[in-house]
Amino acid sequence: MTPQAFYGDAYPQLCAAEQQLVDLIGRCPVARDSGEGEGAVLYCKSRIKAPESMMRKLEKSGLPPTGRAALAYMHDAVGVRAVCAFTDDVYRVASWLADRPEVQVKTVKDYIAAPKPNGYRSYHLILALTDGPGAGTTAEVQLRTIAADFWAALEHQMKYKHTVQHEQLIRDELKRCADEIASVDLSMQTIRELLSERF
């Protein structure tokens with residue numbers, strides 16, 4: 001089934017909301033007031049949630065697997081991921097987005113401060129667009145470091161493999177890698193702060 005068929009008349013608005021958020025994040029100012037033009041966001045990915053994925057999520061929640069139910073009860077039909085170099089940029093982008101007049105923050109989940117048990121670290125916002133072409137649409141924005149994005153991409157691949165040998169060993173290794181990546185992120189943040197000190 002195509003997204004157009006699943007989401008029906010709402011599909012063009014979902015596309016407009018996706019583009020509006022990508023454009024908004026693209027306007028996020030430089031990472032620091034250094035005047036060096038260093039961007040807070042390295043790159044951005046976006047998508048309209050695939051019908052099959054949304055139907056599985058609806059059924060798991062005990063809801064009918066329809067586009068109408070998706071739009072009424074789910075908030076991630078539109079998803080945007082912004083990837084930053086440093087952890088403080090993640091928080092800077094989150095704060096900047098929260099101050100935009102065209103969006104309203106509905107919920108925040110800070111998996112950087114409180115990682116998931118498997119080691120997943122990311123900052124999630126559910127935003128409602130209140131103005132512009134996507135007004136009336138809710139969307140999920142994920143913010144994470146490039147190191148955490150690398151880990152999440154590999155973990156996602158592993159999670160959706162149907163037959164995995166040595167599953168517990170792989171989960172343990174992924175958790176260990178997640179902890180090491182968090183340590184590297186902290187070290188890189190410290191190095192950046194040392195380099196930016198003014199004498």
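It should be emphasised that the depicted structure is a prediction, and the values quoted were computed from it without experimental measurement.
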Exercise. Do the side-chain N and O atoms of Q13 and T137 include a donor-acceptor pair separated by under 3.5 angstrom?
Worked result: yes
Problem set entry | T87 and Q189: side chain donor to acceptor below 3.5 Å | no
Looking at [X], I want to see if its [atom1] is surrounded by more than 12 non-hydrogen atoms of other residues, nucleotides or ligands under 6.0 Å.
X: D9; atom1: CG; value: no
X: R68; atom1: CZ; value: no
X: F150; atom1: CZ; value: no

In terms of side-chain geometry, is the basic nitrogen of [X] or [Y] positioned less than 4.0 Å from the acidic oxygen of its partner?
X: E59; Y: R56; value: no
X: R92; Y: D89; value: yes
X: R121; Y: E155; value: no
X: R100; Y: D131; value: no

Exercise. Less than 4.5 Å apart, any side-chain heavy atom of K60 and any of K57?
Worked result: no
Seminar exercise, completed: Per side chain to side chain donor-acceptor pair (under 3.5 Å), R144 is matched among Y123, Y111, Y120 by Y120
Seminar exercise, completed: For L169, the hydrophobic cluster (side chain heavy atoms closer than 4.5 Å, chained through members) also holds none
For this session: Please check if the side chain of T130 supplies one atom and the backbone of G136 the other of a donor-acceptor pair under 3.5 Å.
Result: no
